[in-house]
Number of protein chains: 2
Amino acid sequence: MTLITTKPRRGRPLKSAQENRDTKAELIRSGLEQLTESGFASSGIDPILKRVGVPKGSFYHYFSSKEAFGLAVIESYANYFANKLDTYLLDESYPPLMRIKNFADNAKAGLERHHFKRGCLVGNLGQEVDLLPESFRQILIDIFDAWQLRVSQCFKLAQTHGDLSTTADCDQLSECFWIGWEGAVSRTRLVQSSTPLDNYLNHFIAGLPR
Amino acid sequence: MTLITTKPRRGRPLKSAQENRDTKAELIRSGLEQLTESGFASSGIDPILKRVGVPKGSFYHYFSSKEAFGLAVIESYANYFANKLDTYLLDESYPPLMRIKNFADNAKAGLERHHFKRGCLVGNLGQEVDLLPESFRQILIDIFDAWQLRVSQCFKLAQTHGDLSTTADCDQLSECFWIGWEGAVSRTRLVQSSTPLDNYLNHFIAGLPR
DNA sequence: ATCATAATAGACCGATCGTCTAATTAAATG
DNA sequence: CATTTAATTAGACGATCGGTCTATTATGAT
C-alpha cells in the first residue's frame with residue numbers, strides 16, 4: 001500500500017512542486033494496481049485516487065470518464081506487457097522454448113511478490129467483459145492477438161531449431177498457450193500458490209509435438 | 001430471461017398454493033443465472049429478485065445475508081455440475097476419453113445456447129475471490145478438487161483401456177485439464193465463439209501421452 | 001494588469017447496496 | 001371462533017459510491 005504524506009493544496013500547484021509529479025501517470029499506475037486486483041466494474045475511483053493522494057476533482061481533469069480511464073490503463077498495461085514479452089521471447093541467448101519458460105518464471109515471481117493478489121489485467125477484464133463498456137471487448141481481443149503473435153513466432157523459431165514438429169500449427173498452439181495461461185493465473189490466485197502455474201507450464205511444454 | 005407471471009401474494013400463503021411455488025428454489029435458480037453472468041460482487045440482489053418477481057423483503061426471509069445466498073447458489077451449482085460430470089464420465093457406452101469429449105460438447109452447447117453470456121460459476125467466482133467473503137475460497141477449491149477427481153478417475157480408466165500412458169500422473173493431468181478449461185470458457189465468452197473451446201480441447205487430447 | 005488555461009478541492013445528487021421493521025395473511029391451538 | 005404464532009411480503013432506511021460540477025488557486029501569454 002502506497003501512502004501519501006503531503007497534504008492536498010487547493011488550487012493549481014506551484015511549478016516547483018508540479019515538476020516532480022506526473023499526476024496522470026500516477027493515476028494510471030494506481031489504476032493498474034487496482035484493476036489487476038479487482039477488475040474494472042468493482043473498482044471505485046476513490047480507492048485509486050487515495051492510493052496516490054490525488055483528490056477526486058483531478059480525475060476528471062485528466063480523464064473524461066471512468067471508461068476513458070480504463071482504456072488508458074489497458075493501453076499502458078498492454079505496452080508494458082508486450083515489452084516484457086519481447087524482452088524474453090527475443091532473447092537470443094536462449095533457445096526458443098526456454099525463452100517461454102523464462103517469461104513464465106518471471107511472471108510467476110510477479111504473482112508471488114504480490115502475494116497472489118494481482119492477476120493479469122487482460123484476463124481479469126476478459127472475464128467480466130459483459131459488464132464493461134462494449135468498446136473494451138475488441139481491444140482485449142486485439143491484445144490477446146498481439147501476445148499470441150509473439151508466442152507463435154517463438155514457436156516458429158523452435159521449429160527451425162528442431163525443438164518443435166514442423167507440422168504443428170503455431171498460431172493455434174499459441175492460442176492454446178494463452179488460453180491455458182490465463183486459466184493457470186486464475187487458479188494460482190485462487191489457491192494462493194504457484195504450483196498450478198508450474199504444473200500447467202510443464203504439462204504444456206511436455207505436450208508439444210516433437 | 002425468465003419472466004414470472006404470477007404476482008406475489010401478501011401474507012402467509014395457502015397451504016395448497018405453497019406447494020407449487022418454491023420461492024427459495026426459484027431465488028437460487030435466478031441467482032445462478034445472474035452469478036454465472038456477472039459474478040458475485042457486481043451482482044445486485046434486486047435484479048435477481050426481479051427475474052422471478054419476488055419482492056426484496058422475501059430475500060432476507062429465506063437467506064440471512066447475501067453471503068449465505070451466494071453459498072447456497074454455489075452449492076446448488078456444484079451439485080448440478082457434479083451430476084452432469086457423472087452422467088458423461090461414467091457412461092460406459094463410450095471409451096473414457098470420448099466421454100470427456102462428450103462432456104465438453106454438452107458444455108459448449110450450453111455456452112452457445114446462452115449466446116456466451118453465461119460462464120462457469122466456479123471459474124467466475126474464482127477469478128474474483130479476493131473480493132468475496134473469505135469463506136468462499138476454500139469452497140471453490142474443494143469444488144475444483146471434486147471435479148478433478150472425477151476426470152482423474154476417467155483418465156485412470158483410459159490407462160486401463162490403453163488410451164493413455166500408464167506412467168502419466170492422472171491427478172496432475174486432470175488439474176491441467178480444468179485449468180485450461182476455465183481459461184477456454186473465459187476466452188470463448190470474450191470472443192463470443194466456441195472455437196477457442198474447440199481448439200483447446202483438441203489440443204489437450206492430442207497432447208496426452210500415449 | 002489582465003485574461004485564458006491548468007490544476008486541485010471537495011460538495012453534490014442520484015443510484016444502488018444490503019438490511020431491517022412493519023404489515024399482512026394463514027395456520028395452529030385451545 | 002378467538003387468539004396466538006408462523007410465514008411471507010412491502011417498502012423504508014442508512015450507508016456508500018458513482019460520476020459530475022463549481023469554486024479556488026496558480027501559471028503563462030499578451
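Every chain is numbered from 1 and lettered A, B, ... according to where its sequence line falls, protein lines coming before strand lines. Atoms considered below: every heavy atom in the structure, side chains included; atoms not considered: hydrogens, waters and symmetry mates.
Side-chain atoms of A:Ser186 and B:Glu182 form no donor-acceptor pair, as typed in the model, at a separation below 3.5 Å. A donor and an acceptor atom, one from each side chain of A:Gln138 and A:Asp142, are located under 3.5 Å apart. Remark: the B:Tyr94 side chain and the B:Asn102 side chain contain no N/O donor-acceptor pair separated by less than 3.5 Å.
Counting non-hydrogen atoms of other residues, nucleotides and ligands closer than 6.0 Å to NZ of B:Lys84 gives a total above 12.
C:dC20 atom P lies 16 Å from atom CZ of B:Phe63, rounded to whole Å. In this structure, A:Ile48 places its CD1 atom 13 Å from P of D:dC17, rounding to the nearest Å. When rounded to the nearest whole Å, the span between NZ of A:Lys24 and P of C:dT8 equals 12 Å. One atom, NZ of B:Lys66, and another, C1' of C:dT16, lie 11 Å apart when rounded to the nearest Å. The nearest whole Å value for the distance from the CG atom in B:Leu49 to the P atom in C:dG18 is 10 Å.
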Find every protein N or O atom lying less than 3.5 Å from an N or O atom of nucleotides 12-16 of chain D, and list the pairs.
none

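Under a cutoff of 6.0 Å and an axis angle of 45°, A:Lys66 and A:Phe40 form a cation-pi pair.
Here A:Phe59 lies out of heavy-atom contact (under 4.0 Å) with every strand. Within the 4.0 angstrom heavy-atom criterion, only backbone atoms of the sugar-phosphate kind lie near A:Ser64; the bases stay farther away.
Between B:Phe204 and B:Tyr200, the two ring planes are tilted [angle within 30° to 60°].
The distance from the CG atom of A:Leu201 to the OG atom of A:Ser194 is 12.0 Å, given to the nearest 0.5 Å.
When the side-chain nitrogen and oxygen atoms of B:Tyr60 are compared with OP1 and OP2 of C:dC20, none of them lie within a distance under 4.0 Å. Within the 4.0 Å cut-off from OP1 or OP2 of D:dA7, not a single side-chain nitrogen or oxygen of B:His61 is found.
Along DNA chain D, the nucleotide nearest B:Ser58 and the nucleotide nearest A:Ser65 are compared for position; the residue whose nucleotide lies closer to the 5' end is B:Ser58.
Here the side chain of B:Thr188 pairs a donor or acceptor atom with the backbone of B:Ala184 at under 3.5 angstrom.
A salt bridge links A:Glu37 and A:Arg118; the closest N-O separation between the charged side-chain nitrogens and carboxylate oxygens is under 4.0 Å.
Annotation: proximity of residues 38-47 of chain B to DNA chain D (heavy atom, distance under 4.0 Å) is found for no residue.
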